K.L.:
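Got a structure for you, written out below as structure tokens; questions coming shortly.
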Amino acid sequence: MLPIKKGLITPTSKDRIRRSRLYLPGNEPKFHINAGLHKPDGIILDLEDSVHPSEKDSARILVRNALRAVNFYGAEKMVRINQLPLGFEDLKSIVPHNVHVILIPKCESKETVIKVNEVINAVKKEKNIRYDIYLMPIIESALGVVNAYEIATASKNICALTIGLEDYTADIGVQRTEAGLESFYARSVIVNAAKAAGVQAIDSVYSDVGNTEGLYKSCLESKALGFEGKGCIHPRQIKITHKAFAPSPPEIEKAKLIVEAFNEARRKSQSVISIGSKMIDPPVVKRALKILESEKQN
Ligand SMILES: CC(=O)SCCNC(=O)CCNC(=O)[C@H](O)C(C)(C)COP(=O)(O)OP(=O)(O)OC[C@H]1O[C@@H](n2cnc3c(N)ncnc32)[C@H](O)[C@@H]1OP(=O)(O)O
Ligand SMILES: O=C([O-])CC(=O)C(=O)O
Ligand SMILES: [Mg+2]
């Protein structure tokens, strides 16, 4: 095996920030070259739905080359494989080439996660790869939603659970709307399952690449539901997504006040205090600390 170019092995971690993940069709090298310059948290080299069936073999080679040679400027390197069994071929081809996260599309059961994990482990053993490769199952069907918690807990390597709303809405036979009422239940289930499993919850893509205002609103709604990031399909969506997921200045100010007041109360051995007319107890402080932590990461 040829050595991977020096400087291209970027570190990652299970709980790193994942506000944005930019999809690039695997067979479009012109998109690969500049993708990292837009500073997404992650780039997804896609082998699944953005690649025509006749192009699957060449896409696999292009993705492998991109993983080895393209500088993504610190973005986490993700690959969306095809559904099994074609996905097995993808794994054999890309796992040896410094991928950080594998996205498992249309995931409906824990068995799929387990099979993907087994192949990854076998390739890692064969090639003597010692770093972790994380998994991000994409739930895209009614059955996947039913099994969300089982999927989220199927492997210790799962870093996040995500949802694919284009496929999900097709599966339940409705239109995907701007208001998103049709997927409110499914998105809430994904967030709840992810949090119960102790992994991140990441929302789907916003498909209207020309509507930046709509994207911003949609990100704020995702954040309000408990998601920590969103899929992007165009570079112009990245900055907007980061801005929406960052805590706002009033949120930060309020969080600082809460933590200060709580520390003061602790010094006086009080456990419940108030700021104005609002009660401040441990869960409120926990949320405030989370906001301050996320401010540091943004
Ligand atoms: C339901 C699902 O599964 S979603 C996930 C799968 N889908 C995808 O991966 C689609 C990803 N996105 C794309 O293919 C494209 O953005 C499209 C087809 C939506 C629009 O493409 P274009 O019409 O070429 O976009 P546009 O002309 O605005 O591109 C502007 C620049 O951004 C670049 N660009 C556009 N999309 C991307 C991208 N996803 N990643 C990196 N660069 C991109 C273009 O190469 C172009 O660069 P240049 O100015 O240096 O030439
Ligand atoms: O992962 C995503 O958000 C894109 C996707 O496959 C879908 O919406 O069906
Ligand atoms: Mg999909």
Side-chain angles (χ1 to χ4, degrees), residues 18-53 55-56 59 62-63 66 70-73 75-83 86-87 101-108 112 135-145 148 151 160-178 180 182-183 186-187 190-191 194 200-212 215 218-219 221-222 225 227-241:
R18 295 191 177 89
R19 298 160 299 185
S20 63
R21 53 186 178 105
L22 177 66
Y23 273 103
L24 326 173
N27 58 339
E28 287 281 9
K30 71 171 184 206
F31 284 1
H32 302 175
I33 308 299
N34 292 333
L37 292 173
H38 302 286
K39 292 279 170 204
D41 291 330
I43 56 102
I44 306 170
L45 295 157
D46 186 27
L47 293 171
E48 201 222 9
D49 280 354
S50 67
V51 176
H52 189 269
E55 296 273 312
K56 295 288 183 190
L62 291 165
V63 165
V70 175
N71 190 344
F72 291 110
Y73 299 96
E76 197 172 36
K77 299 186 203 185
M78 308 177 173
V79 173
R80 180 166 74 171
I81 58 171
N82 285 287
Q83 280 187 277
L86 190 57
V101 180
I102 300 290
L103 280 98
I104 309 172
K106 302 182 180 63
C107 190
E108 296 198 305
T112 301
L135 303 174
M136 203 187 284
I138 317 177
I139 308 265
E140 311 194 61
S141 65
L143 182 58
V145 171
I151 291 169
L161 197 62
T162 180
I163 183 159
L165 287 179
E166 296 298 330
D167 275 299
Y168 173 75
T169 46
D171 188 58
I172 66 166
V174 298
Q175 293 298 319
R176 186 175 175 189
T177 66
E178 196 67 16
E182 69 286 349
S183 65
R187 284 182 291 150
I190 299 308
V191 170
Q200 294 170 348
I202 315 278
D203 204 356
S204 186
V205 299
Y206 183 81
S207 303
D208 185 353
V209 295
N211 185 357
T212 49
L215 170 67
S218 169
C219 289
E221 190 189 274
S222 304
L225 282 176
F227 286 108
E228 286 142 89
K230 198 153 174 94
C232 297
I233 50 172
H234 193 285
R236 80 166 70 94
Q237 295 186 314
I238 294 164
K239 264 199 189 139
I240 300 164
T241 302

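Please read all numbers here as calculations on a predicted model, not as lab measurements. Read the numbers this way: they start at 1 and go in the same order the structure lists the ligands and their atoms.
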K.L.:
Does an N or O from E48, backbone or side chain, lie closer than 3.5 Å to an N or O of ligand 2?
P.N.:
no
K.L.:
Test of understanding: with side-chain contact (heavy atoms from CB on, under 4.5 Å), list the residues that count as partners of V209, not counting sequence neighbours.
P.N.:
I233, H234, R236, Q237
K.L.:
Is any N or O atom of I233, backbone or side chain, closer than 3.5 Å to an N or O atom of ligand 1?
P.N.:
yes
K.L.:
For ligand 2, which part of Y168 has a heavy atom less than 4.0 Å away: the side chain, the backbone, both, or neither?
P.N.:
neither
K.L.:
If you measure every N or O of R176 against every N or O of ligand 2, does any of those distances drop under 3.5 Å?
P.N.:
no
K.L.:
Counting from 1, what ligand 2 atoms have a heavy atom of S204 closer than 4.0 Å?
P.N.:
2 (C), 3 (O), 8 (O)
K.L.:
Could you tell me whether some N/O pair between L165 and ligand 2 is separated by less than 3.5 angstrom?
P.N.:
yes
K.L.:
So, regarding E166 and ligand 1 (criterion: nitrogen or oxygen to nitrogen or oxygen, under 3.5 Å), is there a contact or not?
P.N.:
no
K.L.:
Do any nitrogen or oxygen atoms of R80 lie less than 3.5 angstrom from nitrogen or oxygen atoms of ligand 1?
P.N.:
yes
K.L.:
Sequence neighbours excluded, which residues qualify as side-chain contact (heavy atoms from CB on, under 4.5 Å) partners of V191?
P.N.:
K195, A201, F227
K.L.:
Which of the numbered atoms in ligand 2 are below 4.0 angstrom from a heavy atom of I163?
P.N.:
3 (O)
K.L.:
In this structure, does ligand 1 have an atom that sits under 4.0 Å from one of the heavy atoms of V209?
P.N.:
no
K.L.:
Heavy-atom distances under 4.0 Å are what count here, so tell me which part of H32 touches ligand 1: side chain, backbone, both or neither.
P.N.:
neither
K.L.:
Among E140, K106, M136, which one puts a heavy atom closest to atom 5 (C) of ligand 2?
P.N.:
E140
K.L.:
Under 2.8 Å from the Mg ion (ligand 3), which protein atoms of type N, O or S occur, listed by chain and number?
P.N.:
E140 OE1, D167 OD2
K.L.:
Would H234 count as a contact of ligand 1 if the rule is a heavy atom under 4.0 Å away?
P.N.:
yes
K.L.:
Taking only residues two or more places apart in sequence, or in another chain, which ones meet L165 in a side-chain contact (heavy atoms from CB on, under 4.5 Å)?
P.N.:
I163, Y168, R176, S183, R187, D203, S204
K.L.:
Would E166 count as a polar contact of ligand 2, with the cut-off being nitrogen or oxygen pairs under 3.5 Å?
P.N.:
yes
K.L.:
Sub-3.5 Å donor-acceptor pair from the side chain of S20 to the main-chain atoms of P40, do we have one?
P.N.:
no
